[in-house]
Amino acid sequence: MGAGGRMPIDGIKEENRGSVNRVPIEKPPFTLGQIKQAIPPHCFRRSLLRSFSYVVHDLCLASLFYYIATSYFHFLPQPFSYIAWPVYWVLQGCILTGVWVIAHECGHHAFSDYQWVDDTVGLILHSALLVPYFSWKISHRRHHSNTGSMERDEVFVPKPKSKLSCFAKYFNNPPGRVLSLVVTLTLGWHMYLAFNVSGRYYDRLASHYNPYGPIYSERERLQVYISDAGIVAVIYVLYKIAATKGLAWLLCTYGVPLLIVNAFLVLITYLQHTHSALPHYDSSEWDWFRGALSTIDRDYGVLNKVFHNITDTHVAHHLFSTMPHYHAMEATKAIKPILGKYYPFDGTPIYKAMWREAKECLYVEADVGGGGSKGVFWYRNKF
């Protein structure tokens, strides 16, 4: 498979890479079974009671924030309300991101031993956050089955330089990057769901809301209909609330926190799969094991716990996606010695990492000039 290993990353300064070397592209000297043996067996056990305790915890906090905002903010002198509402939006957005993560666990059958419980909880929680549960569950499952594949991965699939839009280079400057990040964080999630923006290539329009779109097979169409029904039901409830309380009230209590949830979701996913140290493979080189190892753990500080450690245990999650989140940290610690240089972690502050990846990870090219394989692609930052 050629060179790769711990080679320096062309065109990217050492101090800008978060001190993360390239993930080796050679076949790992360990197996998935050996990794699993290193993890304590209880880490794979799902507890319905414990899983529900996280749902109750998050929903209680969300309810408390809502109660404080709607019961007391109108008593504040006007200058203080301008501070109180943004604080509420951020706190509520963070907590609801945790709720989103729990619904994501349901989609992986990591919530309980009962598939119907997982799907019921996931459908309710994701629909409440305007996510088509089954539709996204199906495409996300394919992402896990094809991580790192240039042809078959489902989300944040990097483009070769030859396939970039003709105006891409004009956004390769600070104002352009700011604009791109703002659009991505505010509109990216729903653009992906509705139009498959940043997703894999399909020969026709792919939408998570279309049961007859190319994403889904005939046997999956009923689940897409159910997902759409969940979204329609929630939109109807929101319409009735807006009619009663007013649109401004709905936006302040629900709309803006949901925007923050969507922004965190896109940011987390983007940073999990976008780093100059991560390889991407075409069909001549790709295999599931190396693809699953081509993701990276990040440090979000206190938000790691708020987000149920989806941020700093993502490598373990891709290897064992049915493992409950409350065991993922213990599992990650157990597998680090086995993975060795195949375990990538970047502790760069998130705001710096976001800007750096937007600047450095523009497109991918094979490293054939350096003795690498033409089927392995790395990010480049120069036009």
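- For the residue pair Ile231 and Pro132, the shortest heavy atom distance occurs at CD1-N, 3.7 Å.
- Checking side-chain atoms of Thr184 against main-chain N and O of Leu181 turns up no donor-acceptor pair under 3.5 Å.
- Using a distance-only test at 3.5 Å, with no hydrogens or angles considered, no donor-acceptor pair links the side chain of Asp58 to the main chain of Val55.
- Residue Leu303 is grouped with residue Leu61 when hydrophobic side chains (ILVMFWY) are merged at heavy-atom distances under 4.5 angstrom, including chains of intermediate members.
- No donor-acceptor pair under 3.5 Å is formed between the side chain of Thr313 and the backbone N or O of Ala316.
- At least one donor-acceptor pair closer than 3.5 Å links the side chain of Gln92 to the backbone N or O of Ala62.
- Ring geometry for His104 versus His317: interplanar angle of 30 to 60°, hence tilted.
- Between the side chains of His318 and Thr147, at least one donor N or O sits under 3.5 Å from an acceptor N or O.
- Between Val266 and Phe156, the closest side-chain pair of non-hydrogen atoms falls below 4.5 Å.
- Remark: Lys352 does not engage Asp346 in a salt bridge, criterion side-chain N to carboxylate O under 4.0 Å.
- Residues meeting the salt bridge (charged side-chain N to carboxylate O under 4.0 Å, His left out) test with Asp282, sequence neighbours left out: none.
- Remark: side-chain polar atoms of Arg298 are paired, donor with acceptor, to backbone N or O of Leu271 under 3.5 angstrom.
- Trp249 places no side-chain N or O within donor-acceptor distance of the main-chain N or O of Ala242, the cut-off being under 3.5 Å.
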Which donor-acceptor pairs under 3.5 Å do the side chains of residues 157-174 make with protein atoms, sequence neighbours left out?
{"from": "Asn172", "atom 1": "OD1", "to": "Arg177", "atom 2": "NH1", "distance (Å)": "3.2"}
{"from": "Asn173", "atom 1": "OD1", "to": "Gly176", "atom 2": "N", "distance (Å)": "2.8"}
{"from": "Asn173", "atom 1": "ND2", "to": "Tyr170", "atom 2": "O", "distance (Å)": "2.7"}

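- Counting only heavy atoms from C-beta outward, the side chains of Leu193 and Ser207 never approach each other to under 4.5 Å.
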Show the numbers, then the answer: is there a side-chain hydrogen bond (donor to acceptor under 3.5 Å, both in side chains) between Ser51 and Tyr326?
CA-CA 8 Å; Ser51 293; Tyr326 40 81; 3.1 Å; yes
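- Side-chain atoms of Asp119 and Tyr133 form a donor-acceptor pair, as typed in the model, at a separation below 3.5 Å.
- Taking a 6.0 Å sphere around OH of Tyr114, one finds it holds 12 or fewer heavy atoms contributed by other residues, nucleotides or ligands.
- For Tyr342 and Phe30, the ring centers are positioned less than 6.0 Å apart.
- A cation-pi arrangement is found for Arg200 relative to Tyr202, the charged atom lying closer than 6.0 Å to the ring centre and inside a 45° cone about the ring normal.
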Return a table of donor-acceptor pairs under 3.5 angstrom between the side chains of residues 79-86 and protein atoms on other chains or two or more places apart.
{"from": "Ser81", "atom 1": "OG", "to": "Gln78", "atom 2": "O", "distance (Å)": "2.7"}

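- Ring-centre distance between His325 and His108: not below the 6.0 Å cut-off.
- Interatomic distance, CG of Leu258 versus CH2 of Trp189, reported as 11.0 Å (0.5 Å rounding).
- Counting only heavy atoms from C-beta outward, the side chains of Trp286 and Arg152 approach each other to under 4.5 Å.
- Figure legend: Arg141 and Trp136 shown without cation-pi pairing, the cationic atom not lying both under 6.0 angstrom from the six-membered ring centre and within 45 degrees of its axis.
- Remark: aromatic rings of Phe52 and Phe111 are close, center separation under 6.0 Å.
- Each of Leu319, Leu278, Ile25 was compared with Leu293 under the side-chain contact (heavy atoms from CB on, under 4.5 Å) criterion, and only Leu319 meets it.
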Asp153/His280 under side-chain hydrogen bond (donor to acceptor under 3.5 Å, both in side chains): CA gap, chis, key distance, verdict:
CA-CA 10 Å; Asp153 201 350; His280 297 265; 5.8 Å; no
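- No side-chain N or O of Asn309 forms a donor-acceptor pair with one of His314 less than 3.5 Å apart.
- One N or O on the side chain of Glu220 and one on the backbone of Ser217 form a donor-acceptor pair closer than 3.5 Å.
- Taking 4.5 Å as the limit, some side-chain heavy atom of Asn196 sits within range of a side-chain heavy atom of Tyr192.
- Tyr363 places none of its side-chain heavy atoms less than 4.5 Å from the side chain of Asn381.
- Atom OG of residue Ser112 and atom CD of residue Gln115 lie 8.0 Å apart, to the nearest 0.5 angstrom.
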Criterion side-chain hydrogen bond (donor to acceptor under 3.5 Å, both in side chains) on Asp297 and Tyr343, from CA distance to verdict:
CA-CA 8 Å; Asp297 287 353; Tyr343 173 73; 2.7 Å; yes
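- Closest non-hydrogen pair, Trp378 versus Ser276, comes out as CE3-O, 3.8 Å.
- Residues Cys94 and Phe264 have side chains in contact (heavy-atom distance under 4.5 Å, counting atoms from C-beta outward).
- Contact check on Glu26 versus Lys341 returns no salt bridge, with no Lys/Arg side-chain nitrogen under 4.0 Å from an Asp/Glu carboxylate oxygen.
- Looking at heavy atoms from C-beta onward, Phe44 lies out of side-chain contact with His327 at the 4.5 angstrom threshold.
- At a threshold of 4.5 Å between non-hydrogen side-chain atoms, the residues Trp100 and Leu125 do not count as touching.
- A salt bridge is defined here as a Lys NZ or Arg NE, NH1 or NH2 lying under 4.0 Å from an Asp or Glu carboxylate O, and Lys137 with Asp118 fails to meet this definition.
- With hydrogens and angles ignored, the 3.5 Å screen pairs a side-chain donor or acceptor of Gln272 with a backbone N or O of Ile310.
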Stepwise side-chain hydrogen bond (donor to acceptor under 3.5 Å, both in side chains) check, Glu360 with His275:
CA-CA 8 Å; Glu360 305 287 7; His275 196 289; over 6 Å; no
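- Under the 3.5 Å distance criterion, the side-chain polar atoms of Ser135 are matched with a main-chain donor or acceptor of His208.
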